[in-house]
Amino acid sequence: MRRIIQVTAADSGQRIDKLLSQQLPELTRSAIQHLMQDGCVTIGEQPVKKNAKAAAGDVIAVEVPEPKEVSIEPENIPLDIVYEDEDIIVVNKPKGMVVHPAPGNWSGTLVNALMYHCGDSLSGINGEIRPGIVHRIDKDTSGLLVVAKNDRAHQSLAEQIQVHSAGRRYFAVVYGCPREETGTIQAPIARHPVDRKKMAVLAGGREAITHYQVLEHYQGYTLMKFRLETGRTHQIRVHMAHIGHPIIGDPLYGPAKDKWKLQGQCLHAGELELTHPVTGERMLFEAPLPEYFEKVLQKLRNQYGQV
C-alpha cells in the first residue's frame, strides 16, 4: 500500500516520523521508524533518515508492505486464558514456553498455540512468525501477555507500551536484601560486548527504567515486586544483577552454582494493566504465582523465616 503526504508550510520543520504518525493514524510512530529504516519512506525516490525534518513542498511517499501470510503451523497446545474478546486475548504463559517461533524453536511456542485457538483472528502487523505479538516475556519467565486479534488492537496496545501507559508488574525472588524498601534503577541496557546471548548495563545503551518494591525479607533472600517503565530485553534480570541482587535460578545473570535448580529464573509477570483498544475501558489482569514459585517461598519461610 502506497501513501502520499504533501508537506505544508504549517508542518515545515517537524520531524518526519512525527508528522507521518499524525497524518497516518493507522501507523504508530515506532512502526513508521521501522519503515524508514527499511527504506520504505522516500522523498523524490530518496530514502528518508529517521531523524529527518520535513520542508514545505516535500512529497513524502510511504510504502506499507502487505502483511505476509503466516506459515507457522497451528498446534493444539493448552492455553491458560485469563481474558478474551474479539479484539484481545490475555494469556498466562507457563515457564519454559517460548513466545514466538525462532531458529531452534519452530514449534511448541505460544504463537503455535494461539494460531490453533484463534484461527485467522490474529493481527498481521508483526509478520509471519509473530502474529498478534505486542510484547514478550522470556522463555523461563511465567506470566501475563496480551495478544492482539486485529491490527487496530495491535496499534493501540503497541502505543500504550511505547508511551508507558500499560502497566506491567513482576514478582521475583532475589539474592540478598536491597538497602531500600522501594527504589528505581535507571541504567542503559545494550547487547553484551562479548557474550551475545546476554545483555548488559552499558553507556550508550537504550534507556531502561525499573521501579521496585520489597515485599518480604528472608535470611539472604528477598521477595520483590517490579514495575517496568521501559521494556528492554532481560531488563529486570540485568538490572538486579547490576545492583548485586540477581534473581535466583537465573542461568545468565546469577551465580554459576545455583542450589535452587529451578531450570530458569524465579520471575513471574503477575499483573498487567491496559486500556482496551476499542472500548476504552481500563482493565487489570492478575495471574497467581505459579506452583514452582510458591514452593520456593514456602521453603524460604520454613527454613529462614521473615526478617
Mind checking the [atom1]-[atom2] spacing from [X] to [Y]? Nearest 0.5 Å is all I need.
X      : Y      : atom1 : atom2 : value
Arg3   : Leu35  : CZ    : CG    : 12.0 Å
His239 : Ile189 : NE2   : CD1   : 4.0 Å
Leu267 : Phe226 : CG    : CZ    : 7.5 Å
Lys197 : Arg191 : NZ    : CZ    : 11.5 Å
Glu75  : Met115 : CD    : CE    : 9.5 Å
Glu84  : Leu79  : CD    : CG    : 9.0 Å

Say whether [X] and [Y] are linked into one hydrophobic cluster, either directly or through other cluster members, by side-chain heavy-atom distances under 4.5 angstrom.
X      : Y      : result
Leu144 : Ile161 : yes
Ile32  : Val64  : yes
Tyr212 : Leu228 : yes
Ile247 : Val214 : yes
Val146 : Ile81  : no

Is it the case that the side chain of [X] and the backbone of [Y] share a donor-acceptor pair, with hydrogens and angles ignored and the cut-off at 3.5 Å?
X      : Y      : answer
Thr222 : Gly176 : yes
Asp58  : Ile60  : no
Lys18  : Arg29  : no
Asp140 : Gln265 : no
Glu63  : Cys40  : no
Lys93  : Met97  : yes

Would you find more than 12 non-hydrogen atoms of other residues, nucleotides or ligands less than 6.0 Å from [X] atom [atom1]?
X      : atom1 : result
Gln263 : CD    : no
Glu291 : CD    : no
Asp195 : CG    : yes
Arg206 : CZ    : no

* All side chain to side chain contact (heavy atoms under 4.5 Å, CB included) counterparts of His245, not counting sequence neighbours -> Val174, Pro178, Met240, Ile243

* Taking only residues two or more places apart in sequence or in another chain, which ones pass side chain to side chain contact (heavy atoms under 4.5 Å, CB included) with Val59? -> Ile4, Gln6

* To do: Check the pair Glu73 / Ser107 against side-chain contact (heavy atoms from CB on, under 4.5 Å), numbers first and verdict last.
  => CA-CA 8 Å; Glu73 292 296 320; Ser107 64; over 6 Å; no

* Structure fact -> Hits for side chain to side chain donor-acceptor pair (under 3.5 Å) against Gln298, two or more places apart or cross-chain, chain-then-number order -> Asn302

* Structure fact -> Partner of Ser156 under side-chain hydrogen bond (donor to acceptor under 3.5 Å, both in side chains), picked from Arg152, Glu159, Gln160, is Gln160

* Structure fact -> residues 233-247 vs salt bridge (charged side-chain N to carboxylate O under 4.0 Å, His left out), sequence neighbours excluded, gives Asp138-Arg237, Arg237-Asp250

* With sequence neighbours excluded, give me every salt bridge (charged side-chain N to carboxylate O under 4.0 Å, His left out) pair touching residues 261-271. => Arg169-Glu271, Lys225-Glu271

What pair of heavy atoms forms the shortest contact from [X] to [Y], and how long is it?
X      : Y      : value
Ala54  : Ile16  : N-CG1, 3.6 Å
Ile137 : Gly143 : CD1-O, 3.8 Å
Ala208 : Thr230 : CA-OG1, 3.2 Å
Ala269 : Thr141 : N-CG2, 4.4 Å
Val111 : Pro101 : CB-CD, 3.7 Å
Lys53  : Gly13  : CD-O, 3.4 Å

* Which residue pairs satisfy the ring-ring contact (aromatic ring centres under 6.0 Å, His included) criterion with at least one member in residues 264-294, sequence neighbours excluded? -> Tyr83-Phe285

* With sequence neighbours left out, which residue pairs that include part of residues 153-195 fulfil the ring-ring contact (aromatic ring centres under 6.0 Å, His included) condition? -> Tyr175-Tyr221

* Asked: Residues sharing Leu202's hydrophobic cluster, by side-chain heavy-atom contacts under 4.5 Å among ILVMFWY, directly or via others?
  -> none

* Among Ile, Leu, Val, Met, Phe, Trp and Tyr joined by side-chain contacts under 4.5 Å, find the other residues sharing a cluster with Val163 and list them by chain and number. => none

* Is there a donor in the side chain of Thr109 and an acceptor in the side chain of His100, or the other way round, less than 3.5 Å apart? -> no

* **Polar contact flag, side-chain donor to acceptor under 3.5 angstrom, Gln235-Thr210** => yes

* Apply the side-chain contact (heavy atoms from CB on, under 4.5 Å) test between Leu122 and each candidate in Asp151, Leu114, Asn150; give the one that qualifies. => Leu114

* Applying side-chain contact (heavy atoms from CB on, under 4.5 Å) between Met36 and each of Val48, Asn51, Val62, report the one that passes. => Val48

* To do: Report the residues that fulfil salt bridge (Lys or Arg N to Asp or Glu O under 4.0 Å) with Arg282, sequence neighbours left out, ordered by chain and then residue number.
  => Glu273

* Asked: Residues in ring-ring contact (aromatic ring centres under 6.0 Å, His included) with His234, at least two apart?
  -> Tyr253

* Tell me the side-chain hydrogen bond (donor to acceptor under 3.5 Å, both in side chains) pairs involving residues 33-48, sequence neighbours left out? -> Asp17-Gln33

* To do: Evaluate the criterion side-chain contact (heavy atoms from CB on, under 4.5 Å) for residue pair Val98 and Leu110; output intermediate values, then yes/no.
  => CA-CA 6 Å; Val98 174; Leu110 179 64; over 6 Å; no

* Close side-chain approach of Ile88 and Pro277, heavy atoms under 4.5 Å -> yes

